[in-house]
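Since the model is a prediction, treat every value here as computed from it, not as a measurement.
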Amino acid sequence: MTSYQPGQVVYIIIRNPHAQDVANVQQAAVVQNPENPDQLSLFVYETYYPLTEEVAVYSSAEEAEYAYQDAFGFTEMEGYYG
């Protein structure tokens, strides 16, 4: 697993919880897990998500957008992040 530091800004591909066929690239912050300070979490949309190997995390918006396009195809709103 890549080493992340609290305060680091990363990018993830996140699905809309109300429409699972909708996903987008979203900026997230790496933070200490408020329930377990020995673990890191992703903070996005005012919510903490576990930072595990199951989450695809990218160091740049461009890298995340490339992965998104590879997985989902091109979007109509290219260049739009969150």
Exercise. Name all residues meeting the ring pair (Phe, Tyr, Trp, His ring centres under 6.0 Å) criterion together with Phe43; count only those two or more places apart in sequence or in a different chain, and write none if there are none.
Key: Tyr48

Exercise. Flag the pair Ile12 / Tyr49 as yes when at least one side-chain heavy-atom distance between them is below 4.5 Å, and no otherwise.
Key: no

Self-check item: Set of side chain to side chain donor-acceptor pair (under 3.5 Å) partners for Ser59, sequence neighbours left out
Solution: Glu63

Quiz item: Any chain of hydrophobic side-chain contacts (each under 4.5 Å) joining Tyr58 to Val25?
Solution: yes

Quiz item: Which heavy atom in Ala28 sits nearest to a heavy atom in Val44, and how many Å separate them?
Solution: CB-CB, 4.0 Å

Quiz item: With a 4.5 Å heavy-atom cut-off, do Val30 and Leu51 have their side chains touching?
Solution: yes

Self-check item: Over all atoms of both residues, closest heavy-atom pair of Pro37 and Gln32
Solution: O-NE2, 3.4 Å

Quiz item: Is Tyr68 reaching over with its side chain to a backbone N or O of Ala23, donor-acceptor style, under 3.5 angstrom?
Solution: yes

Quiz prompt | Over all atoms of both residues, closest heavy-atom pair of Pro6 and Leu40 | solution = CG-CD2, 3.8 Å

Exercise. Decide yes or no for Ile13 and Tyr11: does some side-chain heavy atom of the first lie under 4.5 Å from some side-chain heavy atom of the second?
Key: no

Exercise. Decide whether Val31 and Tyr45 are clustered together by the hydrophobic rule: side chain heavy atoms of Ile, Leu, Val, Met, Phe, Trp, Tyr closer than 4.5 Å, transitively.
Key: no

Practice problem: Please round to the nearest 0.5 Å and tell me the distance separating atom CG of Leu42 and atom CD of Gln8. | Solution: 10.0 Å

